[in-house]
Amino acid sequence: MSETSARLLALLSLLQARRDWPGALLAERLEVSPRTVRRDVDRLRDLGYPVRASKGPDGGYRLDAGADLPPLLFDDDQAIAVAVALQTATTTVTGIEEGALRALATVRQVMPARLRQRVDALQVTTVDRYANRRTTVDSEKLIAIGMAVRAQEVLRFDYASPGAPDEWVPPRKVEPHHLVTWGGRWYLVGWDLDRKDWRTFRVDRMTPKTPTGPRFTQRELPAPDVATYISSRFHSQDQNPCRGEAILQAKASDISQWAGRGAFVEEITPTSCRLVLTAWSWTGLAATFGMFECDLEFVGPQELKDAAAQLAARYQEAAS
């Protein structure tokens with residue numbers, strides 16, 4: 001029985017590690033027959049794991065999303081990353097404090113002693129460098145807006161005007177395009193159906209209404225990308241003459257904490273992001289990009305690339 005249980009845990013870990021597994025490869029990794037793999041897959045299904053099988057010569061298995069969240073397996077690095085993320089999860093989103101604490105307690109309880117000691121040593125205190133202007137946003141509100149963006153459905157919402165907070169105005173009707181963060185705040189970029197123009201809305205002032213409206217075909221932004229559009233919208237707050245863009249091999253959430261006011265951070269993949277910065281000089285801008293401890297690729301303009309090359313040569317000479 002213990003051997004079967006250990007094999008089931010190994011099978012579950014493999015299914016979580018990649019999207020699709022050929023049956024023959026699973027049998028090889030587990031050092032069992034394909035028939036044993038089929039039996040173990042059936043056992044996982046009985047435990048509530050939605051494992052889907054595909055037939056044919058190249059048939060295999062995939063762990064799909066189910067109606068309920070089954071138990072998950074984490075390796076050491078994943079477990080520590082989850083614990084640290086839960087400690088800092090409430091920086092900009094409200095409404096998840098209790099859930100984050102309960103999740104952290106659950107993860108910590110099942111950790112082996114070697115990992116529990118490492119996590120207990122990482123007692124993180126988040127100091128918000130934008131505390132004087134950062135606004136927290138309810139998680140349910142972000143989810144509702146994010147779902148409308150993904151489904152391309154018209155979003156209706158009440159919008160609190162800072163000039164007349166008690167004055168009633170009709171609900172706004174917007175084709176939502178993108179959720180972004182800028183200088184410590186969440187914004188929605190969308191096409192205002194009543195005003196026939198693009199608008200940017202602060203999410204903390206929005207109260208979404210249900211149900212959402214009809215589906216729509218997404219319009220093209222009046223800019224090459226959302227980063228350029230947001231930067232131009234807030235240009236009056238940032239008069240720096242030099243503006244550059246780079247791709248950083250780091251999480252967007254990590255970069256946004258230190259990018260500074262006026263920076264634009266957009267997630268590309270879970271481990272990379274687009275960063276747009278401004279500065280008074282191209283050399284200063286190149287130096288700012290270099291402060292992040294990760295690999296990066298300069299997108300442009302050419303002045304930024306030239307400044308980075310000059311700075312690199314200057315540093316090389318100074319170091320030698």
Side-chain angles (χ1 to χ4, degrees), residues 65 67 89-97 99 130 132-238 243 245 252-253 256 259 261-270 273-276:
T90 60
T91 304
T92 60
V93 181
T94 60
I96 62 172
E97 294 87 350
Y130 299 117
N132 62 331
R133 72 186 302 268
R134 186 181 293 277
T135 55
T136 56
V137 178
D138 184 84
S139 59
E140 293 299 323
K141 183 183 296 187
L142 275 180
I143 291 173
I145 298 172
M147 290 179 64
V149 172
R150 182 179 181 85
Q152 295 185 11
E153 295 175 344
V154 173
L155 186 65
R156 300 181 305 117
F157 56 90
D158 291 330
Y159 194 67
S161 173
D166 298 328
E167 180 181 346
W168 183 89
V169 293
R172 308 293 286 268
K173 291 186 296 182
V174 171
E175 294 178 355
H177 186 277
H178 217 94
L179 269 173
V180 300
T181 60
W182 176 278
R185 290 180 178 142
W186 285 90
Y187 294 90
L188 171 68
V189 177
W191 175 266
D192 193 310
L193 291 171
D194 294 324
R195 291 157 180 80
K196 307 296 183 184
D197 195 9
W198 290 95
R199 291 288 190 271
T200 303
F201 305 92
R202 276 180 50 174
V203 173
D204 59 296
R205 294 176 180 169
M206 296 171 57
T207 304
K209 293 181 172 294
T210 55
T212 53
R215 293 178 60 87
F216 62 89
T217 300
Q218 193 174 75
R219 304 169 188 264
E220 290 189 8
L221 279 169
D225 50 56
V226 69
T228 303
Y229 175 77
I230 288 293
S231 298
S232 64
R233 294 286 292 183
F234 291 97
H235 182 69
S236 60
Q237 302 177 13
D238 188 356
R243 176 181 178 277
E245 177 181 343
S253 57
S256 62
R261 182 175 179 177
F264 179 87
V265 184
E266 180 184 15
E267 181 179 271
I268 299 176
T269 70
C273 63
R274 182 194 316 276
L275 176 61
V276 179

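Model, not experiment: these values are computed from the prediction.
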Going by salt bridge (charged side-chain N to carboxylate O under 4.0 Å, His left out), name the residues that satisfy it together with R156, two or more places apart in sequence or in a different chain.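 With neighbours one apart ignored, the set is empty.
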
Considering all heavy atoms, the nearest [X]-[Y] contact:
{"X": "P208", "Y": "F157", "result": "CA-CB, 3.7 Å"}
{"X": "L155", "Y": "A148", "result": "CD1-CB, 4.0 Å"}
{"X": "R215", "Y": "A151", "result": "NH1-O, 2.7 Å"}
{"X": "G213", "Y": "E153", "result": "O-CB, 3.7 Å"}

Within this structure, what is the [atom1]-[atom2] distance for the pair [X] and [Y], rounded to the nearest 0.5 Å?
{"X": "W191", "Y": "Q218", "atom1": "CH2", "atom2": "CD", "answer": "13.0 Å"}
{"X": "D225", "Y": "F264", "atom1": "CG", "atom2": "CZ", "answer": "7.5 Å"}
{"X": "Y187", "Y": "I145", "atom1": "OH", "atom2": "CD1", "answer": "13.5 Å"}
{"X": "R219", "Y": "H177", "atom1": "CZ", "atom2": "NE2", "answer": "11.0 Å"}
{"X": "L275", "Y": "I268", "atom1": "CG", "atom2": "CD1", "answer": "10.0 Å"}

Heavy-atom distance under 4.5 Å between the side chains of K209 and D158, does that happen here?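 SC-SC contact between K209 and D158 confirmed.
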
Do R172 and D194 meet the salt-bridge criterion of a basic N to acidic O distance under 4.0 Å?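 Looking at R172 together with D194, the answer is no, because their closest N to O distance does not fall below 4.0 Å.
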
Ion pair R202/D204, N-O distance below 4.0 Å: yes

With side chain to side chain contact (heavy atoms under 4.5 Å, CB included) as the criterion, how do V149 and L188 come out once you've worked through the C-alpha distance, each side chain's angles and the decisive distance to 0.1 Å? CA-CA 9 Å; V149 172; L188 171 68; 4.1 Å; yes

Could you check whether any side-chain N or O of K141 sits under 3.5 Å from a backbone N or O of M206, counting only pairs where one atom can act as donor and the other as acceptor?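 The answer is yes, because a donor-acceptor pair under 3.5 Å joins these two groups.
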
Going through the checks in order, is the side chain to side chain contact (heavy atoms under 4.5 Å, CB included) test met by V174 and R199? CA-CA 9 Å; V174 171; R199 291 288 190 271; over 6 Å; no

